[in-house]
Amino acid sequence: MEQASLRIEDLTIRFGGHAAVNMVTCAFRAGELTVVVGPNGAGKTTCFNLISGQLRPSGGRILKNGQDITALSASARAKAGIGRAFQLTNLFPKLSVLENVRLAVQAQHGIGPVIFRRARSFTRLRDEAYAHLEATRLQEAAKLPVTALTHGDQRKLEIALLLALKPDIFMFDEPTAGMSVDEAPVILELIEEIKKDAGKTILLVEHKMDVVRSLADRIVVLHNGELVADGKPDDVIALPLVREIYLGVPAEDAA
Amino acid sequence: ADDPVKIALVHGLSGSTFEAFSKQSHTGFRLGLEYATDGTMKINGRDIEIIEKDTQFKPDVARAVLAEAYGDDDVLIAVGGTSSGVTKGMLPIAEEYERILLVEPAVADSLTGPDSNRYVFKTSRNSSMDMQAQALALKPGPDLHVATLAEDYAFGKDGIAAFRKALEGSGATIVAEEYVPLKTTDFTAAAERMFAALRDKEGRKVILIYVAGGGDPMGKIKAMQPERYGIEISTGGHILPVLPTYKRVPGMEGAIYYYYENPSNPINDWLVEEHTKRYGSPPDFFTAGGMAAGLAVAKALQSTDDWDTENLIETMEGMSWDTPKGEMTFRPEDHQALQSMYHFKIRVDDDVDWAIPELVREIKADEMDIPVGRNNQE
Amino acid sequence: MTAPVLELEGVSTDIAQYHILHDISLSVPDGGVHVLLGRNGAGKTTTLRTIMGLWRARQGSIRFRGDEIATLHTSDIARKGIAFVPENMGIFGGLTVEENMRLATRDGRFEKQRLDRIYALFPALETFWTKSAWSLSGGQKQMLAIARAIIEPRDLILIDEPTKGLAPSIILNMVDAFREIAREATILLVEQNFLFAKSLGETVAVIDDGRIAHTGTMADLVADTELQTRLLSLSLEVSQ
Amino acid sequence: MEQLGSYFERYGGINLLPVILAVIAFVLIGSPSTWLTLTVAGLAMGMMIFLMASGLSLVFGLMDVLNFGHSAFISFGAFIAASVLAALAAWVAADSVLLNLTALFLAIAAAALFGLLAGWVFEKVIIKPVYRDHLRQILITMGALIVAEQIILAVWGGSPISVPRPHFLTGSLIIGDVSIELYRLFAFVLGLVAYVALYVVLNRTRVGLLVRAGVENREMVEALGFRIDRLFVGVFVLGSALAAVGGAMWAGYETLITAAIGSEMMIIVFIVIIIGGLGSIEGSLLGALLVGLMGNYVAFLAPKMALASNMILMMAILLWRPYGLRPAVK
Amino acid sequence: MIVYAIIGVIGICLLFAPMLFPDVRSQEVAARICIFIVLVASYDLLIGYTGIVSFAHTMFFGLGAYGTAIALRQMGPGWDAVLLGGALGLLASLILAALIGLLSLRVKAIFFAMVTLAAASVMAVMASQFSDFTGGEDGIIYKVPKLFSPATKLLTDDDGKVLRIFGAKANGKMAAYYFVFFGSLILYFIMLRIVASPLGTVLEAIRENEMRAEALGYRVVLYRTAIFCIAALIAACAGILRALWLKYTGPETSLSFAIMIDILLMVVIGGMGTMTGAIIGATLMSLAQFYLKDLMEIASQATAGIPLLPDLLAPDRWLLWLGILFILLVYFFPAGIVGTLSKRGGH
Ligand SMILES: Nc1ncnc2c1ncn2[C@@H]1O[C@H](COP(=O)(O)OP(=O)(O)OP(=O)(O)O)[C@@H](O)[C@H]1O
Ligand SMILES: Nc1ncnc2c1ncn2[C@@H]1O[C@H](COP(=O)(O)OP(=O)(O)OP(=O)(O)O)[C@@H](O)[C@H]1O
Ligand SMILES: [Mg+2]
Ligand SMILES: [Mg+2]
């Protein structure tokens, strides 16, 4: 069996007495797109937060390519190639769209601490940032401040930032939530595009079942912080437990 | 019809509650000139023009306005400032412009110390005078035990050092020196420490308080009834607004810079009368000080026709003149005006709003050994 | 048919410089449960908050039992008999369950009978009556929030996503409770969980991108799967 | 260690801190009479600080308003009380507890009344336009503070003003070697009364419930049908009146006051509410008592450290509990 | 646009201050404005650009000033003393800033503000207690290098008298002014460079959304500490200039909380997060502090006949009006002058 690009072992976090993520063990492989599903509050976002370092686990380990990264800070993990788009739009509101992306490009190139050169003189960075904006169809909005964008465009920018980081592990948290029907395909195509690169691992939280079906190589189901199912999409969707807790169809109805 | 001769009063007039003192000082200064010129406000036929400058209690502003006074307004003599720090910043400006700066009412000894210069004269008292007079008022002898209380910074420490020096050779002992942080409001702990140090001693036991700011340490320590251990409190006299708080210590003895009933001389009589007439209240520390400065300026200008700075310095060195506090003399070495202090004993009279620091005796300038700050003669 | 309890006509709401609601018109019939559906960020919460006066409508009119309330202060709107259960439940964690409930009463006194009914609906509240509200679990908090809305008789109860983050068994309980409550008050329910909404709602309005996209009866919507897919992005499998 | 912690929680938790402090001090000081003198003095000092701090804490907790102008109310309270006492000098000096008390009561009442009125104006004119914007609050209230100090200077002048103390409150109670200043005893009692009254209002009445609920979530309070803005004015006015009363008591303690009296207390007031946790009366009291006791003990044991002791205390507590001992808002 | 015009005017006035305003007070004001522009801009790097609220900025200002002052006093008026003292002041600032930053910049903003407040007050107490070096409350006076002494003739005419350039004496005073002016100019340009650099963008990103910046791979604590150190160093440089210009250093001129408040006011009046705001804020405030009083004197005399007004306009009550002015500014220019003007220009 090929080595997992990302592995979590017994991952646990408690808030007060409540375990939001409880002893979750799971491995993700390069070239595979895993959809994480589960009812609201199941712990999906929390799980992402643990992997990308926004939260410190109360227990368990996280391994990337076999290396333990549990102790690394969020910034170190970002540098190590774990990229993350947030569920709640999480940008730099007063900066322009281009600045937002350029910040990510700059971080990826590791040239933050340069003081005595004007930021504008780094044309290479700007070009690269533009490329990402084009990919997400945001080029026209480049000069606008983030606050002027529609919700859907902010979601796209969120993804442009993730692309700019060039991670090898992509985590999308409900990337199409709140997008209108004609906007969502752009994002889905982008994800398809990334999927073609066999070196990339993709984690996706998504509620829309048609999206799940069209993209997923594998589905993982969380419920009350615990991993309750893991497998091929069709198999998982067919499980009675999953139908009950996630799809909301009482078991007897589903039968 | 010569141009008027200009004199600048450079004090803090805004930005601190001490602004009231500056204003008293100004009143006194004008009264001084008025007295010396018999109300004409002319010296050698020239009008005197007074220019007021506000230091805002900031040294940088003070330096700017003093320089402005010398440089742009072309004043002959400047008088100021209110607080020691600000005044210290002003000293070099006098040297730079080679004009006379008459220090009043700032007290610190260092204003006539090594950092000062030969253009600086000082009519205000200094801390050494306060403390030496205070020591003399205690009538020190071998049976005297003192615990001192002061604030923990240069002013407090220098004051206690001067006091210690004044006691030297008298046989009296200092059993404890307590220093509290600036702006302390609760003196219970310090008092307990001093009680502990004094209570088992034989003879006279005194707590000497030397705290410049507010906080009323005297009242607070008195409220703890030190008399139960036979301990007395002693502290220097104070300005009139503070004297009501002395009503709690009838019979206390100490030394004071000025109380309007204490000196007896014609100038003081005139001052008290005029001030009461014009302002409805007797003059206070800063009025008397201001007047002394005004009289000094008048005397110097009247004594010579050549008002060149060098000549004025020569005139003023060693000059004696009369003030509401009796005769003062500019010591030639450091230009500090030597002057009398007053040994008082507190009397409480219910018809008077404040406690009366009744005169015990005048402590003459020559009884005190005020250290020479610098020698301008070298 | 009786007159509607609540009518929105041409309501537009801005939050800061953003236009969030555009020309919303909506009519809530008297009695029963009525559902406002829509995906994340569609403007459901904003609609409820606008009714409560927590956001101000830029234009349009909001009438409650015929009276214009769009310009009233939130507290006056509440005193007209509208209760609000917000998305985050609005529990006062530093207060006990009892104190939370007491604040919602008109004069600080409980009416025994109503209290008993509430205990019957949500037994957990009786158990935790004197406990601090922050120690309750999410589901219990939701119960408290709803109980607070019904401790006094109200005409209209606005409830924002009560099933969010709740376990299925609790949701089933909730369905019963809502049916019970709907006997004396009108409920305007905001939901994303279609199955829950389906089992309760009489009429439904779907909101999308700040506009009303559809109104009608729940029965019609349930019958029309194509409409569901279009409006709610629900896939066929989910609702079967 | 664990066990110690659980005992600590069981027997009162953070409420024990002043007691623990007192016990440690007892051991270090050695002399029981000195210890008692210091302890009583410290407690009384704490109560006076509490009076000044509680209003600020309430206003910050409930209204989320950082009022740097709070000290102006302290100063005004002090000066108004001083003026009233000066006007009633005959009663103040009389050897009759009744007359003394009447004068004192009138002085405190005048200060409180002023606090109420001025607080109302202040809220309407200064605070209202800057709700929810901390930086502007800090700045605008700082501007108001400058103006207020200037008004005091204009009205009362710059010279220090002496405050007559009612005759029956002068001197000390001497028990053995322990001396307890009567004025402090009175301040302690008044502070305690204020605390109990606040506690009862906040914990036993519906208004109190509303205030505490409003601290957490004001929108919900409105959605339940209450006018939070009126409640706000009420709280602000109350906070200002408390500050003025605190100022009046402080004036009597200091006996000599200047226009800077309020701003000189401000740092300590801030320390107290940060130690206590914002928005809670219990926290303010606890913080104030700790600061009062600590100040006196350290001043006796290590005078050099006296100045730093409060800062160190604050740091230590913030490291242990970043939101203070007992924050109302979590 | 208006903003740049104002900046241009201020710049020209400062550049030609010795010729345009030869009187002594104007010189002082001009030098003060130069120094405070640097100080305020460096504080704006923290509060405006990075969102760090610190109350210790005057501490660093004071370290620079005291370092230079003490060295000049102990070693005599030479450039070696300026260099050594200045360097020591800078070093001390750097070490302290790094310590405070690394230890406490990871905690909540209000806590950090309190830590800095504590540090600043401890520093003030130390300055007061080590009075042998610092002169305590009274401060110290000293001589500065000969070049800056008013007696020094920079240029002489044929008679050997000081040459006048448009009425201004080309003496040591002028040399000192231009030293301050160009020193400030260089520091200001350095800061302009910083905010326009990639680092500047990262700082803004941290201010806007710290967590996201971390998620992009920026080590927020390090960046914050770095900018805290940079701001501290620049403040210390401003302190050195101040010490050289004033020839007096004491708590009131370089360490007191009053200066901290001045800086805060200047930042806000000018507009946070704008380097130009520092110029306008520092200029306006300084002018008010030095001239409002004179203005009121005139107003008070002009209204002498009218009841009440002259009392209110009495020059000693100038602070009252400053306070009122300040309140009005916060009301009507919430984004500061630059912020408000440029927003208007934008629409
Ligand atoms: N910082 C926190 N403190 C306390 N509880 C938290 C915190 N973060 C998350 N939780 C709790 O952890 C649980 C899991 O939350 P999470 O956001 O991971 O859910 P989710 O599966 O992403 O849900 P959704 O589909 O709604 O996004 C929830 O009950 C939530 O309330
Ligand atoms: N305070 C705010 N500032 C700016 N935009 C806001 C604010 N609150 C809501 N919005 C925006 O308004 C739109 C509608 O939000 P609203 O909360 O009403 O949606 P919703 O339908 O309730 O969604 P959800 O199902 O996620 O609760 C969203 O795009 C949201 O981003
Ligand atoms: Mg989530
Ligand atoms: Mg919502």
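In this text the structure is predicted, and so the values were computed from the model without any measurement.
Looking at T253(E), D138(E), I141(E) one by one, the single match for side chain to side chain contact (heavy atoms under 4.5 Å, CB included) with P59(B) turns out to be T253(E).
No side-chain heavy atom of K88(B) sits less than 4.5 Å from a side-chain heavy atom of E137(E).
Using modelled atom types, no side-chain atom of K58(B) and backbone atom of E252(E) make a donor-acceptor pair closer than 3.5 Å.
Proximity to chain E is absent for every atom of T87(B), based on heavy atoms less than 4.5 angstrom apart. Interface remark: A67(B) contributes backbone and side-chain atoms alike to the contact with chain E (heavy atom separation under 4.5 Å). For a residue to count as touching a neighbouring chain, one of its non-hydrogen atoms must lie under 4.5 Å from one of that chain's; by this rule E98(B) does not touch chain E. Using a 4.5 Å cut-off between heavy atoms, Y179(B) makes no contact with chain E at all. At a 4.5 Å heavy-atom cutoff, Y70(B) makes no contact with chain E through either its backbone or its side chain.
Comparing G71(B), A64(B), S83(B) by how many heavy-atom pairs each has under 4.5 Å with chain E, the most go to A64(B).
Residue-environment remark: CZ (F130(E)) stays at or below the threshold of 12 foreign heavy atoms within 6.0 Å. No more than 12 heavy atoms of other residues, nucleotides or ligands shown are found within 6.0 angstrom of NZ on K143(E). More than 12 heavy-atom neighbours from other residues, nucleotides or ligands sit within 6.0 angstrom of OH on Y279(B). The environment of F290(E) atom CZ is dense: over 12 non-hydrogen atoms of other residues, nucleotides or ligands sit within 6.0 angstrom.
Once rounded to the nearest 0.5 Å, the distance linking OG of S14(B) with CG of L322(E) reads 10.5 Å.
Using a 4.5 Å heavy-atom cut-off against chain B, the contacting residues of residues 21-37 of chain E are D23(E), V24(E), R25(E), E28(E), R32(E). Within residues 241-251 of chain E, the residues having any heavy atom closer than 4.5 Å to a heavy atom of chain B are R242(E), L246(E), K247(E), Y248(E), listed by residue number.
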